[in-house]
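Read through the structure below, which is laid out as structure tokens, and then see the notes.
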2 protein chains.
Amino acid sequence: MSEKQKIKVLVVDDEPDIVEILKYNLQKEGYEVATAEDGIKAVKTATKFQPDVILLDIMMPNQDGVETCLQIRQIPELKNTFIIFLTARMEEYSEVAAFDVGADDYITKPIKPRALMSRISALFRRESKKEQEQTQIKIKDLTIDRGSYTIDKSGKTITLPKKEFELLYFLAKNPNMVFGRDELLHNIWGSDVFVLARTVDVHIRKVREKIGEDYISTVKGVGYKFDLG
Amino acid sequence: MSEKQKIKVLVVDDEPDIVEILKYNLQKEGYEVATAEDGIKAVKTATKFQPDVILLDIMMPNQDGVETCLQIRQIPELKNTFIIFLTARMEEYSEVAAFDVGADDYITKPIKPRALMSRISALFRRESKKEQEQTQIKIKDLTIDRGSYTIDKSGKTITLPKKEFELLYFLAKNPNMVFGRDELLHNIWGSDVFVLARTVDVHIRKVREKIGEDYISTVKGVGYKFDLG
DNA sequence: CCTTGATTTCACGATTTTTTTATAAAAGTA
DNA sequence: TACTTTTATAAAAAAATCGTGAAATCAAGG
């Protein structure tokens, strides 16, 4: 799952009301949502949709959550998918059973949307700053620091807005490599955003204005690259 | 604790769900597990069970974790037992308080089993426990003192309410590092509190009002950071 | 129960960032 | 050179984000 890509959530519940509430809240938070109304459909949808998280009701017609969970865990592509059980209190399956079949977490109904949202986003939060990917790139006379969102150019500190910073960071991370505009959009803006490719030009220009002309070069007809040498 | 023998863990929490999750995961990792649902029972069980590690919820009916910890520390046979506090949010009892009563570590809920397991096994790897918690941060012209919840700014003493203090303390502890609102909420408010991300803004403003504008800077679209010179 | 202060929510406007649009300049091609 | 294509630049439009004041809620202490 790339940084910019929406996190995909599959909601599985036979209660249309609950599905709708969850779907609405998840979409509002920027998640991409798919739904299924029973276990059998859930497996089918999960295979196609490749969700990052599955919210799985335990009590369902046709095929219950536990059995569904087991089946999903068989699918190699969904090995790293988080499965969260939704369960009413005192339902017949104990929590232990839930974990036995490979659930990662479970939440008891009634569901409080705010709580659920924060629980899900916690799943994808960086564990700690320390074990984070390297945050500093030193290239030429620039030090590009993702931790503080600043550029240090031989002593001077330059601050860039988010998009400009990420553009420079991305190019600097892959020096001497040419990226087309679409490629840059996809990697920095994300795959589901619709902006014109010309937008990249404007950002490039702003970055050049701020750090100087000697770093990013244009390859006509192809794209841009961070220039070494 | 001997090499061959299973490491014994006592889990103390009033939430049966949490007890079950922990128990399940610990047993899977090969630990021997006992449980207790409140502080009083915990002391009793600990005496009999002689655990090597105690996972101790702070908030409990009857007798809270801090008091329980104190009592356990009185028992000579349990002098070498590791005690790990489980706490929902940082604020409940400051870390300092926890370490003061003899805790060896603490983790915030929600508990991520994998992280907990590695933390436990780490306890037995390193003998040197209790890495001392610093209680004072000196940064720029500020002295931020956790013990008294005050800031000293070149002679003047400023007192901040808890949340504002924690916020400043956290940022100052990680200077120059940008934290998103969610990240700050998670680290300062805790993971089981659901407040809007914009709440952070208001607290930031209050801190700025009180200590001045030259410390915390905004990175638009990203978050806040404590700014070094 | 009342008061006070802390915390959280809300709404609006100001500001900045991001995107679009239009035009000029540059580069490539025949 | 004339023509086409592509990029740079400037300026306008749109969108997002943040700061602020104020109200609402919550908590602690008297």
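Only heavy atoms go into these numbers, but all of them, side chains included; no hydrogens, no water, no symmetry mates. Each chain gets a letter, A, B and so on, in the order the sequences are listed, and its residues count up from 1.
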Just how far, in rounded Å, is C1' of C/dT9 from CG of B/Leu185? 13 Å
Heavy atoms under 4.0 Å is the rule here; annotate nucleotides 20-27 of chain C 5' to 3' with B where the base is hit, S where only the sugar-phosphate is, and - elsewhere. BS----BS
What pairs with B/Arg208 under salt bridge (charged side-chain N to carboxylate O under 4.0 Å, His left out), at least two apart in sequence or on another chain? none
Answer yes when B/Arg146 and B/Glu166 have at least one side-chain N-carboxylate O distance shorter than 4.0 Å, and no when they do not. yes
side-chain N/O A/Trp189 vs C/dT18 OP1/OP2, d < 4.0 Å: no
How would you list, by chain and number, every residue that makes a salt bridge (charged side-chain N to carboxylate O under 4.0 Å, His left out) with B/Asp227, sequence neighbours excluded? B/Lys225
Starting at atom NZ of A/Lys163, determine the distance to atom P of D/dA15, rounded to an integer number of angstrom. 14 Å
Once salt bridge (charged side-chain N to carboxylate O under 4.0 Å, His left out) is applied, do any residues pair with B/Asp214, and if so which ones, sequence neighbours excluded? none
Quick check: on DNA chain D, is the nucleotide nearest A/Ile204 upstream (toward 5') of the one nearest B/Glu213, or the reverse? Name the residue that is more 5'. A/Ile204
Could you state the CG-C1' distance from B/Asp201 to C/dT15, rounded to the nearest angstrom? 14 Å
Among residues at least two apart in sequence or on other chains, which ones pass salt bridge (charged side-chain N to carboxylate O under 4.0 Å, His left out) with A/Lys220? none
Whole Å only: how far is the NZ atom of B/Lys206 from the C1' atom of D/dT20? 11 Å
For A/Tyr215 and A/Phe226, take the angle between the two ring planes, folded into 0 to 90°, and tell me which bin it lands in: parallel under 30, tilted 30 to 60, perpendicular over 60. tilted
Among all residues two or more places apart in sequence or in another chain, which pass the side-chain hydrogen bond (donor to acceptor under 3.5 Å, both in side chains) test with B/Lys44? none
Name the atoms and distances for all side-chain donor-acceptor pairs under 3.5 Å in residues 150-159 of chain B, with sequence neighbours left out.
residue, atom, partner, partner atom, Å
B/Thr150, OG1, B/Ser148, OG, 2.6
B/Asp152, OD1, B/Gly155, N, 3.1
B/Lys153, NZ, B/Ile211, O, 2.9

The bend of the helix from C/dC1-D/dG30 to C/dA30-D/dT1, taken between the axes of its five terminal pairs at each end and rounded to 10°, is 30°
Can you check the B/Lys210 NZ to D/dT20 P distance for me, whole Å? 14 Å
Of all residues at least two apart in sequence or in a different chain, which pass the side-chain hydrogen bond (donor to acceptor under 3.5 Å, both in side chains) check with A/Glu209? A/Arg205
Can you see if the side chain of A/Thr218 gets near the phosphate of D/dT6 - specifically, an N or O under 4.0 Å from OP1 or OP2? no
Find the distance A/Lys162:NZ to C/dT19:P and express it as a whole number of Å. 11 Å
d(CZ, A/Arg205; C1', C/dT19) in whole Å: 13 Å
May I have the distance from B/Glu209 (atom CD) to C/dG5 (atom C1'), rounded to whole angstrom? 15 Å
Less than 4.0 angstrom between a side-chain N/O of B/Tyr224 and OP1 or OP2 of D/dT17, yes or no? no
